[in-house]
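Read through the structure below, which is laid out as structure tokens, and then see the notes.
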Amino acid sequence: MILLHLDTAAHGPSTVGNPLYHVLPDHVPGLVAVAVLPVAVWLIGWLARQGGLAAAVVAGYRPLPAHERFVAWMLLVSAAVHLGLALGAEPPMLGALFVLDAALLLGVLRRLLLGHRWRLAAALVLTGSVLAYVVAIVAAEPPDQAGLATKLVELAALAVALRPRRATRPRRLAASAATVSLVVVTGLAAWAGAFATAERGGHDGHHGPAPAPGTLAAPIGDRAPTRAERLAARRFHRRALRGLARYRDPAVAAADGYQVEGMAGSDFHAANPRYAADGRIFDPVRPEILVYARTSRGPVLLGAVYEMPSLDRRGPRIGGPLTHWHAHENVCITLLPPALSGLTSPFGGCPVGSITIPAVPEMIHLWVVPGAPTMFGDLDERWRAGYLASLES
Amino acid sequence: MVELVRVLVLLQGGFALLSTVEILVAGLSTTSLGPLGPSVLLTAATTGATFALVAGLGRRSHVARWLVMAGEAAVIVSALVDLGLAVFLAGTALGLVPTLTRLALPTLVIVLLRRDRVPAGRVRTGAGG
């Protein structure tokens, strides 16, 4: 499976994001199939004039109520996607499963258009298709925009199919609960799959061919740093250690412009708008952000974040693979009050009252805690938790 | 027509519930729920309101119809704000799924509601329950 995919325009062609927010190249044929669907529909309309099955299909479609017409279109779109995906799917067994899914979807569509009972068949086929996707993305396949859009279409059709014809209150509630549960399960599975993809891609969330959801990074490959790069990285780190020591006291940091108010949690980022706008790039003693952890003994300075001033500028890789910069995409910022509220949901939204920041400039973490396993980049979560626990004891 | 709208709004309720779970997890795993408290409450309240509107649509409530239309308009406006940010900040567009859920779906709901005519004798008020 190729994990490199269409990139955001902001950070250049060498940058890679998690498939969750992009379309995998091998899923493009599915979208192309949807794009040519109007031609197929026009062809059916033309054939209908000659009589036969096409005429029966068109005659069956016209009297359908709005919700059944909707289901018909959703089934057709999903079937088209699956047929498109079957082209060139690897391994061939996967292609065969796509064709089988498309055939089942078209079978349900045929029942609907020819006036047969269709709801049970639709419920079974669509539930099976959604659950198969859930299992696939958790186990092996990266969730991407094409897959999630297809499941969205199927969930919409399934929601109609599950509505009971004789609408007693318990039945209606059960149908609603089933629909909502499938939406939530699919969304949570997409998160699990996206993080699992990053785990499979590398030893941490930033450096693999597929970084963690919301992270953009250029792949660094397996190249080891040169001696000069190692020395440059160590020199920079030493200067930062000396310069940042005074910010162990948040009051000093506040006096220099860092926003330390409301410090909470183990990964509090105190930004300094003044340093962000001072025109200095990667200055070891003037980082744009300080990272603190709140402990029972008070605030602990963990490290710093250096940020580039704009999206189109790449950070200096003074240490080669040791100084691996990354950026973020699809970041949710709540306005009530301004704070990071997460990442864009697999179904496309941020929490209510939030805006979506499409991409932020490149940044790099530097760690100042004694014994940290790395100077730059991701700090191992287990190590961080253990270190903070040792301070509490 | 309203039956289809109910289903679509129900899906949006599912998205909102997922969003509530996500912001709770984000708050608990990164910093603390404190700064995110208002956002958590607003997202959870929106989820509840969405499900209440599904019920209101089922009773052919006139108020529910208008509230749904207003809500969908708000979703479209917020999507357009995010689209503007994407275009001007990063030179990109909304992703495929956000385009479907935040532009196409609410537009479809509004179109369907505007096409639907409520029989005068069945109009009720109240969106609850």
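So you know, we letter chains A, B, ... as the sequences are listed, proteins then strands, and number each from 1. Just so it is clear, the model here is predicted, and its values are computed rather than measured.
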All heavy atoms of A:Ala149 vs all of B:Leu100, minimum pair found to be CB-CD1, 3.7 Å
All heavy atoms of B:Leu4 vs all of A:Val160, minimum pair found to be CD1-CG2, 4.1 Å
Under a 4.5 Å heavy-atom cut-off, does chain A meet the side chain of B:Leu8, its backbone, both or neither? side chain
Separation of B:Ile23 CD1 from A:Leu343 CG (nearest 0.5 Å): 11.5 Å
Heaviest contributor of heavy-atom pairs below 4.5 Å to chain A, chosen from B:Leu96, B:Leu18, B:Val97, B:Leu85, is B:Val97
Contact part of A:Ser341 toward chain B, heavy-atom cut-off under 4.5 Å: side chain, backbone, both or neither? both
Any side-chain to backbone donor/acceptor pair from B:Asp82 onto A:Ile355? Under 3.5 Å, distance only. no
Is A:Pro65 in contact with chain B via its backbone, its side chain, both, or neither, using a 4.5 Å heavy-atom distance? neither
Counting heavy-atom pairs under 4.5 Å with chain B, the top scorer among A:Ala293, A:Gly262, A:Ser176 is A:Ser176
Side chain, backbone, both or neither: which part of B:Val21 has a non-hydrogen atom closer than 4.5 Å to chain A? side chain
Residue among A:Cys332, A:Gly353, A:Pro346 with most heavy-atom pairs under 4.5 Å to chain B: A:Pro346
Turns out that what part of A:Cys350 lies under 4.5 Å from chain B's heavy atoms comes down to backbone
Side chain, backbone, both or neither: which part of A:Pro338 has a heavy atom under 4.5 Å from chain B? neither
So what's closer than 4.5 Å to chain B heavy atoms on A:Arg294: side chain, backbone, both or neither? neither
Proximity breakdown for A:Tyr21 and chain B, heavy-atom pairs closer than 4.5 Å: neither
How many angstroms lie between atom CG of B:Leu94 and atom CD of A:Gln145, to the nearest 0.5 angstrom? 10.0 Å
Quick one: does B:Thr43's side chain have a donor or acceptor within less than 3.5 Å of a partner on A:Pro351's backbone? no
Rounded to the nearest 0.5 Å, what separates atom OG1 in A:Thr344 from atom CZ in B:Arg102? 7.5 Å
With chain B, which of A:Leu148, A:Leu152, A:Thr186 has the greatest number of heavy-atom pairs at distances under 4.5 Å? A:Leu152
How long is the gap from CG on A:Leu335 to CG on B:Leu42, to the nearest 0.5 Å? 11.0 Å
I want to check something: taking the side chain as every heavy atom from C-beta on, are B:Arg6 and A:His67 in contact at a cut-off of under 4.5 Å? no
Filtered by a 4.5 Å non-hydrogen cutoff, the part of residues 72-80 of chain B contacting chain A is none
Rounded to the nearest 0.5 Å, what separates atom CZ in B:Phe15 from atom CG in A:Leu155? 7.5 Å
A:Leu31 versus chain B, the contacting section by heavy-atom distance below 4.5 Å: side chain
If I compare all heavy atoms of B:Thr92 with all of A:Pro358, which pair ends up nearest, and what's the gap? OG1-CB, 4.3 Å
Nearest-0.5 Å distance, CZ of residue A:Phe70 to CD of residue B:Glu3: 12.5 Å
